[in-house]
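Please read the structure below before turning to the comments.
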Amino acid sequence: MAALGGRGSAAAALLLRRPGPGLRPVPRRYRYKEKWAATAPRIPCTRLALHHFDMSYSLQLKDLWPSVRASLLCEQKYGALLNNFSADNYVTQELELMNATDFVSEGSKKAQQGAAAEEVARGESRLQEASGKVRTVMQTETMTQAETSLPLRASISSNIKCYTYPRGDITRFRPARQDCLGLLDYYLMDAASVLPVLALNVQRGDLVLDLCAAPGGKTLALLQTGLCGHLAANDVSISRTKRLYNILHSYVPKEIRETVSVTSYDGRDWEKLEGGTFHKVLVDVPCTTDRHSVMEEENNIFHKRRTKERQMLPMLQLQLLMAGILATKPGGEVVYSTCSLSSLQNECVIERAVDIAETQFNITVHVEDLSHFRTLFQDTFSFSDCRLGELVLPHLTANFGPMYFCKLRRV
Ligand SMILES: C[S@@+](CC[C@H](N)C(=O)[O-])C[C@H]1O[C@@H](n2cnc3c(N)ncnc32)[C@H](O)[C@@H]1O
């Protein structure tokens, strides 16, 4: 007995003790030794994420949080980004027969109607001015409207087509199909991911940098504009860059792929490589990927061993955005985006970057107004009020996002 020692000997003594009256010794086969788990039972990362979001987003979003929370926990809605390089001519017909619509062209139509109404209003106001009438408050309002909706026409003149089912319709798209050349007909993605690309408003011949590009949904959307003079697609992760290559090979013909350079640098060092050279820069940063974090255990940023990485995210995001600003030519534009609701990862990063650009680099950066996106795309997405930039909120009838995007212009 003494040889067993410690806890073992106490347990053995208990087991061998003579049973009291009416009690029989426990047969050996029913005896068990209590196991001491090496670690405490693990709380699933998804639960940790939800708890964290409950604490922060109930304060940030107030009454909206319960509905956003429910939407995050429900099946996400997809959009079908049409592949303009595919030779399949029937796909749009097929999608339209299924009652899907291209939300980009719907927005573009709205913008044109708005522009036509502006012209009429302007003509009338000129006539009234000519006849010597004093401008009324109403006229001033019309002018303000006209001025603010000027970007409407400019920004949505894109070749990007992204089909979605109407609000409340949760039909799923069939998987993508190859055409006769082996190119896939569409790419399924969160339709809200197209908005930062539209906000970038690529013009013919623009030199474009996609600083955090993998796996490549937004890179593909940028190429669909058919306007990039050159596209530099970078991502620090080599394994994710391979996924980007796969997308390019599955969707883009060789001659277009040759206009894309794929690299795997740390985006924070971009300035050392090519500072001030791009007309347009997309900075789609790593974030808490809120939808993924509450739904998937795998690769979850709320894993205990990734706590430090998660806490450092706003710093990494700020450094990447700064690198994006420095990579832009004077007059060029940067779009910053995340798929998180967190104001710490969204507006706060923008504010810090604008401040640092001014104080440390003597670069003035303007935050551009993107409120026309709400007007144009409110039938498809639910937007939330935001101090700076635009935020798509997940909604049970339009379960896209979260997607935050904000546009900066280097003056
Ligand atoms: C939100 S994802 C980008 C998604 C991509 N834009 C798309 O639409 O498919 C963020 C990416 O940033 C990359 N990343 C993280 N740190 C980076 C760094 N320091 N430099 C460049 N890329 C980085 C990650 O590997 C990840 O692929």
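For ligands, and for the atoms within them, numbers begin at 1 and follow the listed sequence.
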Donor on one side chain, acceptor on other, T288 and S340, under 3.5 Å: yes
V285 N/O to ligand 1 N/O under 3.5 Å: no
Within 6.0 angstrom of R167 CZ, more than 12 heavy atoms from elsewhere: yes
Identity and distance of the protein heavy atom lying nearest atom 15 (C) of ligand 1: P286 CG, 3.5 Å
Atoms of ligand 1 close to G216 [distance to a heavy atom under 4.0 angstrom, numbered from 1]: 7 (C), 9 (O)
Test log, rule ring-ring contact (aromatic ring centres under 6.0 Å, His included), inputs F373 and F383: CA-CA 9 Å; F373 271 65; F383 289 90; 7.8 Å; no
Salt-bridge criterion met for K254 and E258 (N-O under 4.0 Å): yes
Backbone of C228 reached by a side-chain donor or acceptor of K280 within 3.5 Å: no
Sub-4.5 Å side-chain heavy-atom contact between F400 and F103: no
Heavy atom of the protein closest to atom 12 (O) of ligand 1 (residue, atom name, distance): C212 CB, 3.3 Å
Protein heavy atom at shortest distance from atom 13 (C) of ligand 1: D235 OD2, 3.3 Å
Inter-residue atom distance T328.OG1 - L326.CG, 0.5 Å rounding: 8.0 Å
Contact check: D210 vs ligand 1, nitrogen or oxygen atoms, below 3.5 angstrom: no
P215: numbered ligand 1 atoms lying under 4.0 Å from its heavy atoms: 9 (O)
Atoms of ligand 1, numbered as shown, that sit under 4.0 Å from any heavy atom of S237: 25 (O)
Atom 6 (N) of ligand 1 - nearest protein heavy atom and its distance: D284 OD2, 2.7 Å
Enumerated ligand 1 atoms positioned under 4.0 Å from heavy atoms of G267: 18 (C), 19 (N), 20 (N), 21 (C)
For atom 3 (C) of ligand 1, the protein heavy atom that lies nearest, with its residue and separation: A214 O, 3.1 Å
K77 side, atom NZ; F173 side, atom CZ - distance, nearest 0.5 Å: 8.5 Å
G217, any N or O under 3.5 Å of ligand 1 N or O: yes
Atom 22 (N) of ligand 1: nearest protein contact (heavy atom, Å): V236 N, 3.3 Å
Within-shell test, S193 vs ligand 1, heavy atom, strictly < 4.0 Å: no
Nearest candidate to atom 27 (O) of ligand 1, where distance is taken over non-hydrogen atoms, out of R243, Q319, R240, K218: R240
Distance-only N or O hit between ligand 1 and D266, under 3.5 Å: yes
Residues, nucleotides or ligands: over 12 heavy atoms within 6.0 Å of R47 CZ: no
S264 and its side-chain contact (heavy atoms from CB on, under 4.5 Å) partner, picked from V236, D235, I238: I238
Where ligand 1 meets L320 - atom numbers and elements under 4.0 angstrom, heavy-atom basis: 18 (C), 19 (N), 20 (N)
